[in-house]
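First comes the structure, then the notes that go with it.
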Amino acid sequence: MKRTYIIILCFCCLLMAGMETIRACTSAIISGKVTPDGRPIMWKNRDTSNLLNCVRYMKGEKYNFIAVTGYAKNPRSIWIGTNEAGFSIMNTVSYNLIEKKEGEKTGSRNGTVMRRALEICATVDDFKNYLDTLPRPLYVETNFGVIDAQGNGAYFEVDYTNYTEYNVNDPSVAPHGYIVRANFSVSGKLDEGAGYVRYQQAEQEIFTAAATQEITPQWLFSNLSRSFANPLMGIDLKSGLFNKPQTNGWFVEQDFIARKKSSCAIAIQGVKPGEDASFTTMWTVIGYPPVTPAIPVWVKGAAKKLPHLLCVQGDKYSSPLCDATSLLRNQVYSYTRGSNAETYFNWELLFNRKGNGYMQLNEGIEQELFRELYPRIENWRTAKAPSVDEIYQLYDESDKFITEKFEEAFSIPIR
């Protein structure tokens with residue numbers, strides 16, 4: 001009976017597969033009121049057809065910054081980042097704010113607006129003023145998420161002419177201390193847009209964890225960026241019911257937060273009011289999140305050095321870690337026969353009852369890294385600000401550790 005039930009669920013997923021082909025991201029802002037250390041966090045799981053990503057340091061007109069970008073030599077757009085004032089920004093594309101004309105591509109300036117904001121904004125209010133002064137039409141259709149070093153955080157749902165602000169510290173807006181966004185806007189047309197099921201999954205996970213102050217960058221990666229649950233269907237692949245011998249270990253992708261086109265996941269951990277803004281930490285998963293460990297980066301010292309694994313090297317188009325994890329993604333999505341073949345994935349390869357699935361092995365690597373680095377970073381916050389050399393040493397140790405552990409676990413060298 002149980003096997004029949006699972007087969008029916010898989011068949012339903014097969015019928016639905018391939019429906020959402022537009023760009024899809026999932027994000028959240030968590031107020032410091034509900035995190036264990038009192039620091040706000042913004043999280044984004046980026047889904048895109050451009051899977052080649054890296055971290056870059058960029059000089060700005062007023063503030064320098066680090067950001068996740070595509071492979072262009074001098075990209076005009078960024079997709080999430082933080083600057084030396086402790087101001088951070090991200091977005092999720094929205095699909096229910098604007099009446100589109102036939103053939104019109106909206107949101108063409110989403111990334112350029114974010115890059116400029118990192119150059120000139122220090123606070124959430126600065127960003128609001130920036131939006132007010134931009135010439136119309138904006139050519140933007142998105143949910144911008146921002147936090148600053150004063151503990152402020154907000155989403156701005158922005159269309160070509162107007163915006164609506166949602167303050168994460170306002171109990172009337174965010175009664176439980178967080179806000180989630182996917183690919184629709186609350187201020188947009190009802191039931192239009194995309195990502196409602198992903199939104200529901202992130203919302204219900206964060207709701208519980210916020211009440212018990214469990215939310216950390218590591219928690220966000222493990223429970224959201226590597227989520228294979230569909231709340232509408234009432235299934236969670238991690239339950240073990242979808243592995244051998246109940247099934248043959250394959251499944252169909254539909255509305256999971258973790259997707260084939262998930263190119264990276266970022267959790268920017270802000271600072272408490274009064275703390276040094278340079279402690280703002282961008283925990284960075286560059287590559288397919290289920291098989292990629294997180295590495296912390298800071299604006300301080302980034303002009304001369306960032307982790308080797310996260311940066312473009314020479315004439316390459318993406319970072320070494322992104323390249324290596326792409327090989328694992330290709331193994332997971334190895335079925336290529338016929339139309340919609342790309343929606344099938346080898347769940348048994350990612351997660352299994354033996355505990356040696358790619359995602360399980362990666363989580364072991366990441367947990368060990370967090371155990372080593374988190375206390376050291378916390379000590380920096382409470383004792384003294386780290387020197388640039390101490391940050392560089394942490395980068396070197398992280399590069400070495402992940403390179404060795406990754407090759408040991410997956411037999412894939414990282415160059």
Side-chain angles (χ1 to χ4, degrees), residues 28 30 35-37 39 41-45 55 202 205-206 208-210 212-229 236-240 243 256-258 262 264-269 281-298 307-310 319-322 324-325 328-329 332 347-381 391 393-412 414:
I30 298 94
T35 61
D37 61 8
R39 298 180 179 93
I41 306 173
M42 62 159 49
W43 163 80
K44 176 179 178 178
N45 205 73
V55 174
E205 289 288 332
I206 295 176
T208 302
T212 52
Q213 296 192 329
E214 295 178 59
I215 303 173
T216 63
Q218 185 179 9
W219 183 93
L220 289 163
F221 295 138
S222 182
N223 291 276
L224 298 186
S225 295
R226 301 178 188 123
S227 171
F228 288 86
D236 184 351
L237 300 195
K238 290 183 181 179
S239 67
N243 288 100
F256 299 131
I257 293 175
S262 295
C264 64
I266 309 295
I268 298 180
Q269 188 174 32
T281 306
M282 190 167 86
W283 291 91
T284 306
V285 173
I286 285 290
Y288 181 49
V291 300
T292 309
I295 301 176
V297 290
W298 296 270
H308 168 83
L309 295 181
L310 302 182
S319 66
L321 191 56
C322 184
T325 57
L328 296 179
R329 183 207 315 263
V332 172
W347 173 242
E348 190 77 11
L349 199 58
L350 274 177
F351 182 97
N352 57 55
R353 292 182 175 183
K354 295 179 181 178
N356 61 1
Y358 289 172
M359 183 163 61
Q360 293 158 304
L361 294 175
N362 173 62
E363 288 232 318
I365 295 171
E366 186 177 84
Q367 287 168 8
E368 193 171 343
L369 194 69
F370 268 97
R371 280 196 299 269
E372 171 62 30
L373 298 186
Y374 218 85
R376 191 189 312 184
I377 295 169
E378 189 60 30
N379 184 62
W380 286 348
R381 290 187 175 120
I391 292 175
Q393 181 181 351
L394 184 145
Y395 289 163
D396 290 340
E397 291 174 5
S398 299
D399 281 338
K400 183 175 184 293
F401 175 81
I402 291 174
T403 298
E404 292 176 352
K405 292 293 184 178
F406 198 88
E407 185 166 0
E408 179 184 315
F410 305 113
S411 301
I412 295 177
I414 304 178

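Quick note: numbers below take in every heavy atom, side chains included, and nothing from hydrogens, waters or symmetry partners. Since the model is a prediction, treat every value here as computed from it, not as a measurement. For the single chain, residues carry numbers from 1 onward in sequence order.
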What is the minimum heavy-atom distance between [X] and [Y], and which atoms define it?
X    : Y    : answer
F406 : V291 : CE1-O, 3.8 Å
T216 : P36  : CG2-CG, 3.7 Å
S262 : I257 : OG-O, 3.6 Å
L361 : N356 : CD1-O, 3.6 Å
T284 : V297 : OG1-CG2, 3.6 Å
L328 : Y358 : CD2-CE1, 3.8 Å

May I ask you to decide if [Y]'s main-chain N or O and [X]'s side chain share a donor-acceptor pair within less than 3.5 Å?
X    : Y    : answer
S222 : Q218 : no
E397 : L394 : no
D399 : H308 : yes
S239 : D236 : yes

Nearest 0.5 Å please: distance from the [atom1] atom of [X] over to the [atom2] atom of [Y].
X    : Y    : atom1 : atom2 : value
R329 : T325 : CZ    : OG1   : 6.5 Å
N352 : N243 : CG    : CG    : 6.5 Å
I295 : L369 : CD1   : CG    : 7.0 Å
K238 : F351 : NZ    : CZ    : 7.0 Å
I41  : I268 : CD1   : CD1   : 11.0 Å
S398 : Q393 : OG    : CD    : 10.5 Å

**Prompt:** Side chains of D37 and Q269: is there a donor and an acceptor less than 3.5 Å apart?
**Reply:**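 Side-chain D/A pair, D37 to Q269: present.
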
**Non-neighbouring partners of E214 that pass side chain to side chain donor-acceptor pair (under 3.5 Å), sequence neighbours left out** =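 Residues passing side chain to side chain donor-acceptor pair (under 3.5 Å) with E214: T212.
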
**Request:** Evaluate side-chain contact (heavy atoms from CB on, under 4.5 Å) for W347 paired with M359, printing each intermediate quantity in order.
**Result:** CA-CA 10 Å; W347 173 242; M359 183 163 61; 3.7 Å; yes

Are [X] and [Y] side-chain neighbours, meaning at least one heavy-atom pair lies under 4.5 Å?
X    : Y    : answer
N362 : P290 : no
P296 : L373 : yes
E407 : I414 : no
L350 : Q360 : no

**Message:** Please tell me whether W219 and W43 form a close aromatic pair, meaning their ring centres lie under 6.0 Å apart.
**Reply:**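 No.
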
**Message:** As a test of understanding, state which of F221, F370, W298 forms a ring-ring contact (aromatic ring centres under 6.0 Å, His included) with W283.
**Reply:**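 Only one option passes, and that is F370.
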
**Prompt:** Is R371 salt-bridged to E366, going by a charged N under 4.0 Å from an acidic O?
**Reply:**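 Salt bridge flag = no for E366 with R371.
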
**Message:** Can you tell whether the side chains of R39 and E378 come within less than 4.0 Å, N to carboxylate O?
**Reply:** yes

**Message:** Evaluate C264 against I286 for side-chain contact (heavy atoms from CB on, under 4.5 Å), listing each step before the verdict.
**Reply:** CA-CA 5 Å; C264 64; I286 285 290; 4.2 Å; yes

**Sequence neighbours excluded, every pair satisfying salt bridge (charged side-chain N to carboxylate O under 4.0 Å, His left out) that has a member inside residues 348-364** = R226-E363

